[in-house]
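Only this structure's heavy atoms are used, side chains among them; waters, hydrogens and symmetry mates stay out. Along the sequence shown, residues are numbered consecutively beginning with 1.
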Amino acid sequence: MKNKILRSHFIIPESDIKNIKNNPTGRTKIVPRDYNDHGQKLISSLERIKKQFSKTKPLSLGDDSIVFRIKLHEGHKFQEQAKQDFLKRYNLEVKVVQTNELAIVAASPKPLENFNRIITEYRDSGINKTNLNYIDDILTYKGFDKNSNALQKLLEDPKNENPLDVQLMLFPNYTREQYQQALHQIKEHIEAVGGKLKREPFFLSNGIPIIRAELTAYQLSTVAENSAIYLVEETGFFRFDPSGVRSESLQKLSLDPEININSLESVVIIDSGIDFSNTPVLEQLVVDHWLPQGYRTLDTSHGTYVASRVILGENIEQQIRLGVLTPQATVIDACVLVENNLSEDQLILYLKDIVETYHKKAKIYNLSLNTAKSIQADRIGVAAYEIDNLMRQYGVIFVISSGNHNVWQNHNSIEDFLDDDDIQIAPPAESYFALTVGAINDKNDPDSITQTNELSPYSRIGLGFACCEKPELVAYGGNISKVNGSLFGTGVISNNGKYKCVSGTSYSAPIVSNHLSVLLSVLPLENNVMIAKTLLIHLAEPMYNYEQLQEDEIALQKKLYGNGMSSIERSLNSTPQRVTFVATNQMNRLTKQRVAFRVPETLANISGIKSPAVVTVTSMIFPPLDYTKGTEYLGAYVSASLHKIDGQGNSVVSNPTGDRGRQKWQSIYHFKKSFCRFNPGDWEVWLELFTRWDTDTTENIPYVLAITIETPSEQADIYTAIQQEVPHKYRLLTAAVTDVTI
């Protein structure tokens, strides 16, 4: 890097963002049915549901609604407005969408009778077949149906006789008074059957209450029948896996005198506590402490390791060898591991307090804690949902470790266990908006099953909830082997004042937090969190070559490495051969946008190499969220499409083959395309916002767009060429470039 010429990224001016009117339309697909047979099936299903509810107590939420499920035909979705309007017409309220095709619906007896009449008319004469033929079936929603998939498997095990620690979530969109009535009734029921309340009920940020209780399988089967209860799942517990073998005493250390500590960004370390009392030179970099009232710290080792990597980055060993530490961030100590077991409900309450306390002082929150189990593919965890909401509400960013697994200990190569579900990312790493970070090796270990710059053997991999691409990034987290443990781990400074080698995704996540802190210290204030996140993903160091892989091979590499290794050098700076443009704006459903960027003639004139130009596009939004919509959790997404200039001067679509990096209902689009022949000028990225049925079409949603053009050849200075072709057009993203090497 010492010999590289560094330049600032360009800001795309608003004059290069064109608004195009959009008139979204949708069509309902007709399902071929025999309306007589199909209508009779729906009537029988509805009668079965009414019969079931006639035997149960009234709804404890204070109304007389009957709760059931509607299953749509394959390919039909509840997000379609026509389906919503039809159900509303007969006062059938969609309470929760579990999947695209399955929803929980509530209706009072009279509307249900009207609905039954409509179905009868459909059966007898085909009336309303356009609205009814897409319904496959009407199903009950009983106690066992409310259990998460993981809990259902647990309950099906006849050997499991111990009480279960579970969380019972109530249905959404009721008043606080109705919830209090229901909670009182459910608590009484739990106590009456001999169950045990683990804490007083608490409310999520969307106003939905949760009861945590200890119940046997039999007790749960009776309690879950309560009509107010929507979902039951096993309580998750968060932990860290301490590791470390080799430790060395530290020589006398000092801080780089050129660093102004007051100018550094603060990162909140949500962990086991930080203690640099044995390394006094670092104590001044811990600017505040948060601890739950009435508690004390138990073991500050893990939190101190994490904090050292946030403050000093990935080259701690080199800084220690020089005797001069170069801090790049300060930290706030938020100690949450004050008990041996940290339950999900308790973590949620701590997170809300921490972010509410510090969001004006710190935008970055490092969470190197995970549960021991993999995520559920069909439902986002409650903690992950709360983290997403905190990020939207307060404009902050969480960085979360992907988690560690032990499956590698029984295998000799990583290929042996790639299909094992137990290596998928662990909660709360499925958070849509957080940066989830996996680990790669920074050192070779002769007894490790992977080598330098390959996935660390223990690192959990994607995909995430609803096929969300996770992890987004990887960073150095240390190697590990059955023989040497973490002797070949990555470097940290410990709470006993020593240099130590450790391994785990706990120590790769803080590197990304460090990179974010450096970016935020130089970026403009408006939308800086979104810009920083976008740049880290957009300019990550690729771990594989797209051009040499098939589509299924690219998909596998994405599961392992996400978008690549986090690179602060690339994220901060353009170069003469790699130019990045950044646009930040907002859009709604009624307006499409076309964003122009300059491809210089110098680049088009390069000859003699296979692919003289590569264009990378990344778009990102923080859309509305809804926990009750299952896999339709995300309220909107932005579709991005690359358009080049052809020989006739027209703008033509030029996206890569396949949909990798351009998948629907993802908050991030990230793709690249190589070009052999092309024409210079103002190329464009076309953007269109898509929303769920209940998102206002006029609601403006902010986005960030990053576009990079580069040439593998060293023949052309395309950065200077752009400035010469369109002088004074682009403002610089940062006032100065930053060399982050030591």
Taking the six-membered ring for Trp, are W683 and F675 ring centroids under 6.0 Å apart?
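Aromatic pair counts; centres sit under 6.0 Å.
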Given R598 and D16, is the salt bridge (charged side-chain N to carboxylate O under 4.0 Å, His left out) satisfied, shown in steps?
CA-CA 10 Å; R598 190 70 176 181; D16 276 0; over 6 Å; no
Using 0.5 Å steps for rounding, measure from the [atom1] atom of [X] to the [atom2] atom of [Y].
X	Y	atom1	atom2	result
R379	F465	CZ	CZ	9.0 Å
K592	N22	NZ	CG	4.5 Å
I531	L733	CD1	CG	6.0 Å
K71	Y134	NZ	OH	14.0 Å
D137	F68	CG	CZ	11.5 Å

Check for me whether [X] meets the cation-pi criterion with [Y], that is, NZ or CZ under 6.0 Å from the six-membered ring centre and within 45 degrees of the ring axis.
X	Y	value
R69	Y141	no
K95	Y174	yes
R89	F115	no

Report the C-alpha separation of S402 and V437 in whole Å, then their side-chain angles, then the decisive distance to 0.1 Å, and conclude whether the side-chain contact (heavy atoms from CB on, under 4.5 Å) test is met.
CA-CA 5 Å; S402 67; V437 186; over 6 Å; no
Which atom pair, heavy atoms only, marks the closest approach of [X] to [Y]?
X	Y	answer
Q152	N147	NE2-O, 3.1 Å
S374	R460	OG-NH1, 3.0 Å
A362	V396	O-CG1, 4.0 Å

Using the six-membered ring wherever Trp is involved, compare the ring planes of Y730 and F10 and label them parallel, tilted or perpendicular (cut-offs 30° and 60°).
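Geometry flag for F10 against Y730: parallel rings.
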Looking at K77 and E632, is there a salt bridge between them, counting it only when a charged N and a carboxylate O are closer than 4.0 Å?
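Answer for the salt bridge query: no.
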When you check the gap from the basic side-chain N to the acidic O, do E684 and K644 get nearer than 4.0 Å?
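Salt bridge flag = no for K644 with E684.
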For F202, check ring pair (Phe, Tyr, Trp, His ring centres under 6.0 Å) against everything at least two apart and list the hits.
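Scan of F202 (ring pair (Phe, Tyr, Trp, His ring centres under 6.0 Å), adjacent residues dropped) gives none.
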Contacts of type ring pair (Phe, Tyr, Trp, His ring centres under 6.0 Å), residue F622, not counting sequence neighbours:
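F433.
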For K352, I'd like to know if atom NZ has over 12 heavy atoms of other residues, nucleotides or ligands within 6.0 Å.
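Enclosed: over 12 neighbouring heavy atoms sit under 6.0 Å from NZ of K352.
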Y365: which of L351, V268, V267 passes side chain to side chain contact (heavy atoms under 4.5 Å, CB included)
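Passing option: V268.
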Measure from the side-chain N and O atoms of [X] to the backbone N and O of [Y], and report whether any donor-acceptor pair falls under 3.5 Å.
X	Y	result
Q167	E234	no
R594	I20	no
H76	L72	no

Apply ring pair (Phe, Tyr, Trp, His ring centres under 6.0 Å) to the pair Y627 and Y633, showing each step before the final yes or no.
CA-CA 6 Å; Y627 182 83; Y633 175 69; 7.2 Å; no
Scan for side-chain hydrogen bond (donor to acceptor under 3.5 Å, both in side chains) pairs involving residues 529-544, sequence neighbours excluded, and state none if there are none.
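Listed once each, the pairs are H538-T618, H538-T708.
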